Amino acid sequence: IGSELGTALKQRQEIRLNMPVLAPHEAEEQSVLDVAKDSAEGLIFFSPIIPKLNPSTKLFAEKYKQKYHVEPGILAYNAYDATSICVREL
């Protein structure tokens, strides 16, 4: 969603379409800002609160940051959570 939303925001600015843009939680990913830059100004998105980190999630966040040099976003946490559930059920 990041590059597509970023591109759409840039195009909105280019054609001077002055209207609010509402987006899902994926809009908080850094890739949106990387593409849209200042075109993302005023973007409105909803996002769940990341629950208090338990020991497992905290370890995931630390390893993620070591590998990618950024804090994990909501999509990374969602992927970790889904994978953990699948592994636990196998």
Side-chain angles (χ1 to χ4, degrees):
I1 187 171
S3 61
E4 292 87 0
L5 177 57
T7 300
L9 291 169
K10 284 175 68 174
Q11 291 171 341
R12 176 186 67 121
Q13 186 180 45
E14 289 168 1
I15 64 171
R16 293 177 167 68
L17 184 59
N18 189 16
M19 59 181 271
V21 176
L22 304 174
H25 66 272
E26 290 90 354
E28 76 176 283
E29 290 295 310
Q30 183 62 41
S31 57
V32 174
L33 295 177
D34 292 344
V35 174
K37 308 233 184 288
D38 65 336
S39 301
E41 185 69 35
L43 173 64
I44 301 167
F45 63 91
F46 58 89
S47 181
I49 297 172
I50 295 173
K52 194 172 211 173
L53 299 179
N54 62 41
S56 174
T57 308
K58 188 173 183 178
L59 180 60
F60 161 74
E62 290 169 0
K63 288 185 175 188
Y64 187 97
K65 189 171 181 179
Q66 286 175 353
K67 183 171 184 173
Y68 299 107
H69 309 290
V70 295
E71 295 289 335
I74 192 66
L75 296 181
Y77 280 111
N78 284 350
Y80 173 77
D81 191 39
T83 301
S84 296
I85 292 169
C86 289
V87 168
R88 184 175 60 230
E89 296 304 316
L90 292 176

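The residues of the chain are indexed from 1 along the displayed sequence. Keep in mind that what you see is a predicted model, and the values were worked out from it rather than measured.
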Spacing of Ile15 atom CD1 and Lys10 atom NZ [to the nearest 0.5 Å]
14.0 Å
Which heavy atom of Glu41 sits nearest a heavy atom of Arg12, and at what distance?
O-NH2, 3.8 Å
Under a plain distance cut-off of 3.5 Å, with no hydrogens placed, do Asn54 and Thr57 share a side-chain donor-acceptor pair?
yes
Straight-line distance of Glu28 CD to Leu75 CG, nearest 0.5 Å:
7.5 Å
Contact summary for Gly6 and Val35, nearest pair of heavy atoms:
C-CG1, 3.5 Å
So do Glu29 and Leu5 actually touch side chain to side chain, heavy atoms under 4.5 Å?
no
Could you go through Gln11 and Leu17, starting from their C-alpha distance and side-chain angles, then the distance that decides it, and tell me whether this counts as side-chain contact (heavy atoms from CB on, under 4.5 Å)?
CA-CA 9 Å; Gln11 291 171 341; Leu17 184 59; over 6 Å; no
Same cluster (ILVMFWY, side-chain, under 4.5 Å), Val70 and Tyr80:
yes
Student check: side-chain heavy atoms of Pro24 and Phe45 closer than 4.5 Å
no
Looking only at heavy atoms, the pair that brings Ala27 and Val32 closest together is O-CG2, 3.6 Å
Can you tell me how far apart CD (Glu71) and CD (Gln30) are? Round to the nearest 0.5 Å.
12.5 Å
Atom pair CG (Leu43) and CG (Leu22), whose distance is rounded to the nearest 0.5 Å
8.5 Å
Of all heavy-atom pairs between Ser31 and Ser3, which one has the smallest distance, and what is that distance?
OG-N, 4.4 Å
On a heavy-atom basis, the closest approach of Leu33 and Ala40 is CD2-CB, 3.6 Å
Phe60/Tyr77 aromatic ring centres below 6.0 Å:
yes
I need the Glu14 CD to Leu9 CG distance, nearest 0.5 Å.
11.0 Å
